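This structure is a prediction, so every number in the text was calculated from the model and none was measured.
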Amino acid sequence: MTLPQELAGGLLFYGRGQCASCHSGPYFSDLEFHAIPFAQFGFGFNGFGIDYGRYNFTQAPEDRYAFRTPPLFNVTKTAPYSHSGVEPDLSGAIRAHVDPLARIDTSKLSPLDRAEFYQKIARWSREPSYAVELSEQEISYLVAFLSSLEFEPETAQ
C-alpha cells in the first residue's frame with residue numbers, strides 16, 4: 001500500500017470512521033466491552049447458536065452481546081475476524097462492523113434468529129460509535145492504515 005492510502009485511512013480511523021472511539025490508547029484498544037452485531041458463526045459460547053458475549057459471565061443484561069475491543073497491532077495477520085470468526089478478511093470485518101445489514105439477508109433467518117439480530121442492533125445503537133457510512137475505497141484506506149500497524153515480534157535471546 002502507498003503512504004497516501006495509509007494517511008487517508010488514518011484520517012478516517014481518527015475522524016469520520018469513529019474507530020478510535022473504541023480502538024484507542026497504546027494498544028489501539030480501550031480494552032472495554034462493546035456490542036457489535038456481527039453474524040453468529042458456529043454454536044456460540046452457550047452451545048445454542050447464540051453468543052451473548054460478556055453476559056455469559058456476568059448475567060448483567062447490559063452486557064448482552066458485548067465483547068472486548070481487540071487490539072489492532074498485527075490485525076492484518078489475525079484472520080478470521082469478529083468474536084466468532086465469521087469474517088474471513090479485514091475489509092469484510094470493517095464493513096460488517098459499520099454496516100451490519102449490508103450482508104445480512106433477514107428473509108433467510110428464522111423468526112427467532114431475526115428477533116435476536118434486532119436485539120443485537122438495539123444494543124449496538126447505545127455504543128459510542130455506530131452506523132458509519134463508508135465506501136469500499138474508504139474501507140481499503142482503513143485496511144492500508146491498519147497494515148501500517150504490522151510489526152515482527154522480537155525473538156527471545
Side-chain angles (χ1 to χ4, degrees), residues 8-25 27-147 149:
L11 291 171
L12 280 166
F13 186 90
Y14 287 103
R16 190 171 57 79
Q18 303 177 40
C19 311
S21 61
C22 299
H23 292 281
S24 60
Y27 300 107
F28 286 87
S29 171
D30 60 8
L31 301 175
E32 298 293 327
F33 291 85
H34 298 282
I36 303 296
F38 280 109
Q40 180 62 44
F41 178 72
F43 293 104
F45 182 81
N46 67 6
F48 297 107
I50 301 169
D51 194 339
Y52 290 121
R54 191 168 191 215
Y55 173 85
N56 289 325
F57 300 96
T58 67
Q59 299 295 298
E62 65 272 11
D63 288 340
R64 193 168 282 191
Y65 315 114
F67 297 86
R68 188 179 304 275
T69 304
L72 295 179
F73 284 114
N74 279 339
V75 70
T76 55
K77 300 178 180 184
T78 60
Y81 302 98
S82 91
H83 65 275
S84 67
V86 71
E87 292 297 332
D89 62 68
L90 191 53
S91 61
I94 294 168
R95 168 59 65 216
H97 192 85
V98 299
D99 186 5
L101 294 177
R103 295 186 10 202
I104 300 291
D105 182 358
T106 57
S107 70
K108 294 184 178 181
L109 297 176
S110 72
L112 178 62
D113 290 339
R114 214 171 22 257
E116 194 72 33
F117 189 69
Y118 297 150
Q119 289 180 34
K120 287 180 185 181
I121 290 175
R123 174 61 179 84
W124 175 57
S125 71
R126 298 192 311 260
E127 290 299 328
S129 171
Y130 73 96
V132 178
E133 180 191 352
L134 295 175
S135 69
E136 290 305 316
Q137 183 174 34
E138 289 171 320
I139 289 173
S140 73
Y141 293 160
L142 283 170
V143 171
F145 171 72
L146 294 173
S147 295
L149 303 179

To the nearest 0.5 Å, what is the distance between [atom1] ([X]) and [atom2] ([Y])?
X	Y	atom1	atom2	result
K120	R64	NZ	CZ	11.5 Å
T76	L149	OG1	CG	8.0 Å
C22	L31	SG	CG	11.5 Å
F67	Y52	CZ	OH	11.0 Å
T106	F117	OG1	CZ	8.5 Å
Q137	I139	CD	CD1	11.0 Å

Which heavy atom in [X] sits nearest to a heavy atom in [Y], and how many Å separate them?
X	Y	value
L134	I94	CD1-CG2, 4.4 Å
A35	E127	N-OE2, 3.0 Å
Y81	A93	CB-CB, 3.6 Å
G92	D89	N-OD1, 2.7 Å
R95	S135	NH2-C, 3.9 Å
G17	V132	O-CG2, 3.7 Å

[X] side chain near [Y] side chain, heavy-atom distance below 4.5 Å:
X	Y	answer
P111	R114	yes
V75	F28	no
L12	F145	no
S125	I121	no
P37	Q119	no
L146	L72	yes

Main-chain N/O of Y14 paired to Q18 side chain as donor or acceptor, under 3.5 Å: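 Not a single qualifying donor-acceptor pair exists.
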
May I ask you to decide if S29's main-chain N or O and T69's side chain share a donor-acceptor pair within less than 3.5 Å?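 Flag not set: sc T69 to bb S29 has no pair under 3.5 Å.
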
With Y65, which of H34, E116, R54 fulfils side-chain hydrogen bond (donor to acceptor under 3.5 Å, both in side chains)?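 Only one of H34, E116, R54 forms a side-chain hydrogen bond (donor to acceptor under 3.5 Å, both in side chains) with Y65, namely E116.
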
So for atom CD, which belongs to E133, do other residues, nucleotides or ligands contribute more than 12 heavy atoms lying within a distance under 6.0 Å?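 No, because the 6.0 Å sphere around CD of E133 holds 12 heavy atoms or fewer from other groups.
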
Among pairs that include at least one residue of residues 9-18, which meet salt bridge (Lys or Arg N to Asp or Glu O under 4.0 Å), considering only residues two or more places apart or in two chains?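 Checked against salt bridge (Lys or Arg N to Asp or Glu O under 4.0 Å) - neighbours excluded - the pairs reaching residues 9-18 are R16-E138.
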
Quick test of your reading: applying salt bridge (Lys or Arg N to Asp or Glu O under 4.0 Å), list the pairs with at least one residue in residues 68-82, sequence neighbours left out, ordered by first then second residue.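 Those involving residues 68-82 are K77-E152.
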
